[in-house]
2 protein chains.
Amino acid sequence: MTSFLPDPYDRDCPTRQLLDRIGDQWTVLIVGTLGGGPLRFTEIGRRVQGISQKMLTQTLRALVRDGILERRMYAEIPPRVEYELTDLGRDLAEPLSMLAEWAKAHMGRVQEARESYDRAS
Amino acid sequence: MTSFLPDPYDRDCPTRQLLDRIGDQWTVLIVGTLGGGPLRFTEIGRRVQGISQKMLTQTLRALVRDGILERRMYAEIPPRVEYELTDLGRDLAEPLSMLAEWAKAHMGRVQEARESYDRAS
DNA sequence: CTGGATCCATAAGGATACTG
DNA sequence: CAGTATCCTTATGGATCCAG
């Protein structure tokens, strides 16, 4: 395993740009939630437990802007808006799911490490 | 592609825990930098461009606590401290490198999407 | 239902100075 | 060299109210 940062000295390298984007706590959860198919605004909010309406709106807009999500609005009363992963978004969901796999497999060990560390302190 | 969140309703699911941990902007960069082998404190700071000394210290300590990094101190003058990925850390580096690959391959399209979005606004 | 706009508390994080 | 401690500014993000 070698360093996977193309150029750690460069603040503008793609890896870093992506991290700036997904490092906001909610992006990954939303993309993950939409991996199962399109969902409405309220439904996403309900699934991503703990997100405020403000952050939901903000993050969704940012993701649409980035071409990760597509926003479809239906002129109904009451209004219905659905968000869905674009091809680009579905592609991103792939490496993210790898992360989730790692989490499921190894977060137990992390927890143990923490407790052990804290006992030693 | 289905949703990769084991239980989005659960704030304590492993995926979420991991995201809380790596969502801090520096963790991923540090783990990535150490993918090439052990490095000294100052050297990590130099490679992870833009990180402050405070965040470097803080993040390194958290990663050691989580069992991702090992800290080795040599009783020399001047002191020398090296950080190295543990097996667990090297394992984490794998899915992270997938993310980096995605970034290199697709961030260009994201950039285009942003410009297109901004023009339309 | 799907947001927009504001206000406000808290926390993240940079700059700086200091220490073994 | 490898941190620690402090101050202080900024950004994050929740709560609340309003609107189409």
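Computed from a predicted model, the values in this text were never measured in an experiment. For the numbers below, each heavy atom of this structure counts, side chains included, while hydrogens, waters and symmetry mates do not. Residue numbers begin at 1 in each chain, while the letters A, B, ... track the order of the sequences.
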Please report, to 0.1 Å, the donor-acceptor pairs under 3.5 Å made by any side chain of residues 109-116 of chain A, with sequence neighbours excluded.
unit_1, atom_1, unit_2, atom_2, d
A/Q111, NE2, A/E115, OE2, 3.4
A/R114, NE, B/D66, OD1, 2.6
A/R114, NH2, B/D66, OD2, 3.3

- [ ] Check salt bridge (Lys or Arg N to Asp or Glu O under 4.0 Å) between A/D91 and all other residues, then give those that pass, not counting sequence neighbours.
- [x] none
- [ ] Please check the phosphate of C/dG4 (OP1 and OP2 only) for any side-chain N or O of A/R61 closer than 4.0 Å.
- [x] yes
Task: Rounded distance [0.5 Å steps], CG in A/L34 versus CZ in A/R90 - done: 10.5 Å
Task: Residue pairs fulfilling salt bridge (charged side-chain N to carboxylate O under 4.0 Å, His left out) with at least one residue in residues 30-40 of chain B, sequence neighbours excluded - done: none
TODO: Write out all pairs satisfying side chain to side chain donor-acceptor pair (under 3.5 Å) with one or both partners inside residues 53-62 of chain A, taking only residues at least two apart or from two chains.
DONE: none
TODO: Enumerate the residues from residues 69-84 of chain B whose closest heavy atom to DNA chain D is under 4.0 Å, giving them by residue number; use none for an empty result.
DONE: B/R71, B/P78, B/P79, B/R80, B/V81, B/Y83
Open item on the list: Let me test you: for the helix from C/dC1-D/dG20 to C/dG20-D/dC1, what is the angle between the axes at its two ends (five pairs each), rounded to 10 degrees?
Closed with: 50°
- [ ] Determine yes or no for a side-chain-to-main-chain donor-acceptor pair under 3.5 angstrom, with B/T33 supplying the side chain and B/I44 the backbone.
- [x] no
Task: Start and end of the DNA chain D segment that chain A contacts, any atom under 4.0 Å from a heavy atom - done: D/dG13 to D/dG20
Open item on the list: I need the B/L92 CG to B/D87 CG distance, nearest 0.5 Å.
Closed with: 12.5 Å
Task: Residue pairs passing the ring-ring contact (aromatic ring centres under 6.0 Å, His included) test where at least one lies in residues 86-121 of chain A, sequence neighbours excluded - done: A/W102-A/H106
Task: All pairs passing salt bridge (charged side-chain N to carboxylate O under 4.0 Å, His left out) where residues 23-36 of chain B contributes a residue, at least two apart - done: B/R21-B/D24
Task: Pairing residues for B/R72 by the salt bridge (Lys or Arg N to Asp or Glu O under 4.0 Å) criterion, not counting sequence neighbours - done: B/E70, B/E84
Give me, pair by pair, the N or O atoms of the protein and of nucleotides 13-18 of chain C that are less than 3.5 Å apart, along with how far apart they are.
unit_1, atom_1, unit_2, atom_2, d
C/dG13, N7, B/K54, NZ, 2.9
C/dG14, OP2, B/S52, OG, 2.7
C/dG14, O6, B/K54, NZ, 2.5

- [ ] Run through B/L96, B/T27, B/L29 and flag the one making a side chain to side chain contact (heavy atoms under 4.5 Å, CB included) with A/L19.
- [x] B/L29
TODO: List in chain and number order the residues that pass side-chain hydrogen bond (donor to acceptor under 3.5 Å, both in side chains) with A/Q25, two or more places apart in sequence or in another chain; answer none if no residue qualifies.
DONE: none
